[in-house]
Protein chains: 2
Amino acid sequence: MHIILVEDDAQLGAAIQRALERLAYTVSWLRDGREALIALRDETADLVLLDLGLPGKDGLDVLVEARRSHVTTPVIVMTARDGLQARVHGLDAGADDYLIKPFHLDELCARIRSLSRRAQGLAVNRIEVGALTLDLGTSQVTFRGEVIELTRREFALLQILLERAGKLVRRESLINSLYGLDNVVGDNALEVLVHTLRKKLGYDTVRTVRGFGYMIPREPA
Amino acid sequence: MHIILVEDDAQLGAAIQRALERLAYTVSWLRDGREALIALRDETADLVLLDLGLPGKDGLDVLVEARRSHVTTPVIVMTARDGLQARVHGLDAGADDYLIKPFHLDELCARIRSLSRRAQGLAVNRIEVGALTLDLGTSQVTFRGEVIELTRREFALLQILLERAGKLVRRESLINSLYGLDNVVGDNALEVLVHTLRKKLGYDTVRTVRGFGYMIPREPA
DNA sequence: TGCCGGCTTAAGAAGTGCTTATGGCGCAGT
DNA sequence: ACTGCGCCATAAGCACTTCTTAAGCCGGCA
């Protein structure tokens with residue numbers, strides 16, 4: 001999952017980026033409003049964290065202009081401006097959620113999770129496919145009723161595959177979501193990860209589509 | 001589909017080449033501006049990825065000169081972070097799209113897909129012709145409602161034929177798109193490839209036009 | 001009949017993915 | 001700060017698939 005973070009404060013930006021990357025999100029950190037607008041229009045991100053006090057271009061303007069261009073990417077607005085005034089404006093402008101600084105990272109993560117779920121038209125923070133259950137709130141996975149312990153990377157991989165269950169997910173797409181571009185990763189890192197996941201979930205849950213990628217079938221074969 | 005990549009940075013160039021080849025594109029990687037101009041003038045590529053900071057000759061000059069020579073090949077310009085200025089110039093000079101470094105490969109691939117489709121006047125990520133469906137997002141092909149497993153080469157061939165469905169596609173054009181310039185390949189590699197594809201899709205989907213090439217008819221005969 | 005272009009098949013080469021082992025790194029507990 | 005442990009990326013060897021080449025075939029046409 002790819003998140004665009006728009007934040008001009010160096011310290012806060014770095015902290016958020018670090019925290020999110022630790023949760024296996026891929027983060028592109030932009031400091032400038034103009035850049036942010038361009039990036040938003042591309043619609044390559046799954047979610048945008050937008051600070052309102054920006055140089056170059058005000059955050060609200062960015063949001064308004066993006067929505068005017070029919071960009072539907074979920075946006076969480078972050079602002080230091082306390083007060084209901086700014087908040088109302090933010091939601092009017094098309095924000096999906098709202099955080100008032102200072103906030104706890106825990107809270108931010110929870111919002112991200114619920115928003116990315118909601119964006120897929122699901123009400124609950126839980127994905128069930130066949131004998132598999134993945135709970136995004138508690139980060140717990142069960143398989144045939146038993147709780148399975150997964151590492152962060154394994155969890156992230158499984159989440160992507162389950163969100164697109166029944167569809168093939170390209171290698172490239174997986175590598176990008178899991179590792180990002182900057183982090184050029186060895187050729188078989190993904191394969192090793194798939195291997196460890198299969199060890200825990202049985203060897204027929206994740207299907208290989210040679211030359212293209214992987215998928216988890218919606219109906220067990 | 002054949003892409004010319006013009007990039008002097010060894011690491012980035014290699015990364016992009018690897019990534020694109022993994023997606024079954026054929027990539028010719030050039031490091032020099034002069035070379036790039038020559039290659040562009042040949043018009044053998046379907047798309048060009050052009051870095052602006054180049055030794056030998058500036059990227060923008062290459063682009064301007066190529067356009068002056070009536071080269072219409074789509075060009076995506078890649079430029080460093082600070083280059084908003086350069087971006088405007090790039091589009092003025094005749095670029096079809098641009099990317100700000102560092103960018104995610106996802107983004108690059110999306111641009112490539114949309115650009116190559118725009119060039120053909122198609123809007124969607126899916127091509128349907130007769131009983132055939134080809135989904136570029138998931139790399140899946142269905143024939144008479146059933147999912148067909150294709151290898152990457154077969155997929156690439158089918159994609160080209162479907163994108164030009166109803167029109168004859170010349171042998172050389174196919175070989176060039178599938179194998180690139182450098183990669184000189186035996187003369188019947190294509191025929192073998194067509195053969196395996198026909199085995200999976202039935203023998204009357206791909207029609208041979210003796211002496212010229214192949215085509216997939218828009219209306220089943 | 002003989003030639004040319006394309007088809008088919010088989011086999012070796014190249015590529016892709018799986019598996020296991022190894023070592024580095026960060027985090028927690030002392 | 002030191003140590004132990006778990007996570008994760010890398011590397012190397014193996015199995016299997018896919019690709020290219022080569023060789024022989026068929027059918028149309030002069």
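Within every chain, numbering begins at 1; the chains are lettered A, B, ... in the order of the sequence lines, protein sequences first and strands thereafter. Since we're looking at a predicted model, the values are computed, not measured.
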> Out of dC19(D), dT19(C), dC7(C), which has the shortest distance to the side chain of Thr208(B)?
Replying inline: dC7(C)
> Just checking, any donor-acceptor pair under 3.5 angstrom between side chains of Thr73(A) and Arg41(A)?
Replying inline: no
>> Test salt bridge (charged side-chain N to carboxylate O under 4.0 Å, His left out) on Arg171(B) and Glu191(B); report intermediate values, then the result.
In response: CA-CA 10 Å; Arg171(B) 284 183 75 82; Glu191(B) 287 151 31; 3.0 Å; yes
> Where along nucleotides 25-30 of chain D does protein come under 4.0 Å, by heavy atom, of base (B) or sugar-phosphate alone (S), with - for untouched nucleotides?
Replying inline: --B---
>> Please report the distance, rounded to the nearest Å, between CD in Glu191(A) and P in dA12(D).
In response: 15 Å
> Think Arg153(B) has a side-chain N or O under 4.0 angstrom from the OP1 or OP2 of dT18(D)?
Replying inline: no
> Rounded to whole angstrom units, what separation is found between the CG atom of Leu157(A) and the P atom of dC7(D)?
Replying inline: 16 Å
>> Among residues at least two apart in sequence or on other chains, which ones pass side-chain hydrogen bond (donor to acceptor under 3.5 Å, both in side chains) with Thr133(B)?
In response: Thr142(B)
>> Output the rounded distance in Å from CG (Asp204(B)) to C1' (dC7(C)).
In response: 16 Å
> By side-chain hydrogen bond (donor to acceptor under 3.5 Å, both in side chains), which residues pair with Arg144(B), not counting sequence neighbours?
Replying inline: none
>> So if I take every side-chain heavy atom of Ala189(A) and compare against dT21(D), dT18(D), dT10(D), which nucleotide ends up nearest?
In response: dT10(D)
>> dC7(C), OP1 or OP2 - any side-chain N/O from Tyr214(B) closer than 4.0 Å?
In response: yes
> Below 3.5 Å, does any donor atom in the side chain of Asp187(B) face an acceptor in the base of dT21(D), or the other way round?
Replying inline: no
> Atom CD of Glu149(A) to atom P of dC8(D): distance rounded to whole Å?
Replying inline: 13 Å
> Charged N to carboxylate O under 4.0 angstrom, Lys200(A) versus Glu154(A)?
Replying inline: yes
> For dT17(D), does OP1 or OP2 lie under 4.0 Å from any side-chain N or O of Thr151(B)?
Replying inline: no
> Whole Å only: how far is the CZ atom of Phe155(B) from the P atom of dC19(D)?
Replying inline: 13 Å
> For Thr196(B) and dC19(D), is the shortest distance between a side-chain N/O and OP1 or OP2 below 4.0 Å?
Replying inline: no
> dA10(C) P sits how many Å from His195(B) NE2, rounded?
Replying inline: 10 Å
>> For Arg198(B) and Thr205(B), which I'm curious about, is there any donor-acceptor pair between the side chains at under 3.5 Å?
In response: no
> Just how far, in rounded Å, is C1' of dC14(D) from CG of Asn188(A)?
Replying inline: 13 Å
> In terms of the angle between their ring planes, are Tyr203(B) and His195(B) parallel, tilted or perpendicular, with boundaries placed at 30° and 60°?
Replying inline: tilted
> Checking all strands, does Val192(B) fall into the base, sugar-phosphate, or nothing category for heavy-atom contacts under 4.0 angstrom?
Replying inline: base
> Closer than 4.0 Å, any side-chain N/O of Tyr203(A) to the OP1 or OP2 of dG17(C)?
Replying inline: no
> Can a side chain N or O of Arg171(B) be found less than 4.0 Å away from OP1 or OP2 on dG6(C)?
Replying inline: yes
>> Please compare Gly186(B) and Leu150(A) by the position of their nearest nucleotide in DNA chain D and report the one closer to 5'.
In response: Leu150(A)
> Can you tell me how far C1' of dG6(C) sits from CG of Leu193(B), to the nearest Å?
Replying inline: 14 Å
> Taking all non-hydrogen atoms of both residues, which atom of Arg170(A) and which atom of Ser139(B) are closest, and how far apart?
Replying inline: NH2-OG, 2.7 Å
